[in-house]
Amino acid sequence: MRAVVLGAAAGGGLPQWNCNCPVCARARGGDAAVPPRTQVSVAVSADGESWVLLNASPDLPYQLRANKMLHPAAGGQTRHSPLRAVVLSGGDVDCIAGLLSLRESQPLTVYAGAHVLDVIESNQIFRVLNREVVGFLPLPPGVEVPLRDADGVALGLAVRAFSVPGKIPLYQETPGDPRQFGSATAVIGLSITGPGGRRLVYMPGCADVTDEVRHEIEGAALLFFDGTLWEDDEMIRAGAGTKTGRRMGHISISGPGGSMAALAGVAVARRVFIHINNTNPVLCADSPQAAQVRAAGWDIAYDGMEFTL
């Protein structure tokens, strides 16, 4: 199984268009230690020919152009794409907006949990995806689902969705209602099994590392995990926002309650932080925070990063 990081940043990318925090300023200025990153998405394949997207980033058109393995085959039919399916882990804008860029009647299968399917079906804009060639299929929690293209051909990968502590998307929030911030269905983790039984776990959003989350991660060959913030109040202190990471549905990386400490004893062959916010100092390769992450056995995702399992 191959996995390619198409985009590694959280919503807004790096540099974010309206942000002049120190990290964005360095990226915008061409600092080699802070390369730009697009919004998060990962492509996976069992054979290197047919590909599956894990989330559809708003930056998807650029990402499809930037990665040759996702280009139409040369010398073939006029309309073609190696992209055969999309699997969605949540309904946030940075998870689903890229679907709108796949509206050119290309056959696809889109897999998602019930909460996200409800979001898509209730919003008329997603009707630009021609239902004659684009199918939407549910991901029941805890059930291993073989991934197939729009013609029903198996893609050599299977996905099992599992519940992840999180919250509903920002656009669904109702001011003053605390129930929305502890949703058990709005965010899911994806466990992808490829040829030979090697397993990848994709969790770009996670509010807490529970025993259930540890169980799902245990034994994975590769883990992509929520790296949104270094510290819970990072955006507040940077003057870039008014919410903590917890309030946004993201556990921080550092500290005794952070993900590095919470996952330290979990057996994973390779672990990678992804969905990294533009204020997070780990995006600077020369920062002490990035050094601390590397010393703890973690990688920091960047666009174009590739893995073979």
Side-chain angles (χ1 to χ4, degrees), residues 7-19 21 23-24 37-42 53-60 86-101 110 112-126 128 139 161 163-190 202-208 224-253 259 273-280 283:
L14 176 74
Q16 184 174 299
W17 67 278
N18 66 341
C19 185
C21 71
V23 183
C24 283
R37 288 164 167 88
T38 57
Q39 294 169 90
V40 66
S41 185
V42 171
L53 278 186
L54 306 183
N55 288 345
S57 159
D59 294 322
L60 185 56
V86 183
V87 187
L88 303 173
S89 69
D92 284 302
V93 170
D94 56 353
C95 295
I96 65 173
L99 291 176
L100 300 176
S101 298
V110 179
H115 183 273
V116 177
L117 290 179
D118 286 345
V119 167
I120 291 170
E121 289 305 315
S122 65
N123 192 323
Q124 293 186 25
I125 196 170
F126 288 103
V128 299
L139 286 178
S163 180
V164 172
K167 63 176 263 323
I168 62 174
L170 176 63
Y171 57 82
Q172 289 188 319
E173 289 185 8
T174 302
D177 183 358
R179 294 173 297 175
Q180 59 207 346
F181 305 129
S183 173
T185 60
V187 181
I188 58 174
L190 304 174
Y202 182 70
M203 296 176 61
C206 181
D208 190 25
F224 289 109
F225 192 82
D226 186 344
T228 307
L229 299 178
W230 175 252
E231 294 179 293
D232 192 48
D233 63 349
E234 175 183 307
M235 291 186 65
I236 298 172
R237 289 187 294 101
T242 61
K243 298 174 183 176
T244 64
R246 294 277 186 176
R247 166 62 179 81
M248 295 186 294
H250 298 286
I251 186 173
S252 57
I253 293 175
S259 55
F273 282 121
I274 202 166
H275 191 273
I276 308 168
N277 194 62
N278 62 86
T279 56
N280 193 330
L283 290 169

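These numbers come from the heavy atoms of this one structure, side chains and all, not from hydrogens, waters or symmetry mates.
- Side chains of Leu229 and His250 form no contact here, defined as non-hydrogen atoms less than 4.5 Å apart.
- Residues Pro204 and Phe224 fail the side-chain proximity criterion, which asks for heavy atoms closer than 4.5 Å.
- Summarising the geometry of Leu88 relative to Asn55, their closest heavy-atom pair is CA-OD1, 3.3 Å, with the distance given to 0.1 Å.
- At a threshold of 4.5 Å between non-hydrogen side-chain atoms, the residues Asp226 and Ser259 do not count as touching.
- A salt bridge links Asp208 with Arg246: the closest approach of a Lys/Arg side-chain nitrogen to an acidic carboxylate oxygen falls below 4.0 angstrom.
- When atom types are taken as modelled, the side chain of Glu234 and the backbone of Trp230 share a donor-acceptor pair closer than 3.5 angstrom.
- Side-chain atoms of Asp94 and Pro58, non-hydrogen and from C-beta on, do get closer than 4.5 Å to each other.
- The minimum heavy-atom distance linking Leu100 with Val128 is given by the pair CD2-CG2, 4.0 Å.
- Side-chain contact between Leu53 and Ser41: present, with at least one pair of heavy atoms (C-beta onward) separated by less than 4.5 Å.
- Put simply, the side chain of Thr279 never gets that close to the backbone of Met235: no donor and acceptor are under 3.5 Å apart.
- Taking all atoms of both residues into account, the shortest heavy-atom contact from Lys167 to Arg247 is CD-O, 3.2 Å.
- Atoms CE and CG, from Met203 and Leu54 in turn, are 13.5 Å apart once rounded to the nearest 0.5 Å.
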Next item on the list: Give the intermediate values and the outcome of side chain to side chain donor-acceptor pair (under 3.5 Å) for residues Glu231 and Ser252.
Entry: CA-CA 5 Å; Glu231 294 179 293; Ser252 57; over 6 Å; no
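- Summarising the geometry of Ala207 relative to Ile251, their closest heavy-atom pair is O-CB, 3.7 Å, with the distance given to 0.1 Å.
- The heavy-atom pair separating Phe273 from Gly227 by the smallest distance is CD2-CA, 3.7 Å.
- No side-chain heavy atom of Leu283 sits under 4.5 Å from any side-chain heavy atom of Asn277.
- For the ring pair (Phe, Tyr, Trp, His ring centres under 6.0 Å) test, no residue two or more places apart in sequence or in another chain qualifies with Tyr202.
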Next item on the list: Evaluate the criterion side-chain contact (heavy atoms from CB on, under 4.5 Å) for residue pair Leu14 and Cys24; output intermediate values, then yes/no.
Entry: CA-CA 6 Å; Leu14 176 74; Cys24 283; 4.0 Å; yes
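- In this structure, the separation between CZ on Phe126 and CG on Leu117 is 11.5 Å, given to the nearest 0.5 Å.
- Side-chain contact between Ile168 and His115: present, with at least one pair of heavy atoms (C-beta onward) separated by less than 4.5 Å.
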Next item on the list: Just do the side-chain contact (heavy atoms from CB on, under 4.5 Å) check on Ile120 and Leu99 with the steps written out, would you?
Entry: CA-CA 10 Å; Ile120 291 170; Leu99 291 176; 3.9 Å; yes
Notebook entry, point to check: Would Val40 and Asp59 count as a side-chain contact (heavy atoms from CB on, under 4.5 Å) if you check the C-alpha gap in whole Å, the side-chain angles of each, and the deciding distance to 0.1 Å?
Noted result: CA-CA 8 Å; Val40 66; Asp59 294 322; over 6 Å; no
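- A distance of 15.5 Å separates NZ of Lys243 from CG of Asp233, quoted to the nearest 0.5 Å.
- Residues His275 and Thr228 have side chains that bring a donor and an acceptor to within less than 3.5 angstrom of each other.
- For Gln39 (side chain) and Gly12 (main-chain N/O), a donor-acceptor pair under 3.5 Å exists by modelled atom type.
- The shortest heavy-atom contact between Val23 and Asn278 is CB-O, 3.1 Å.
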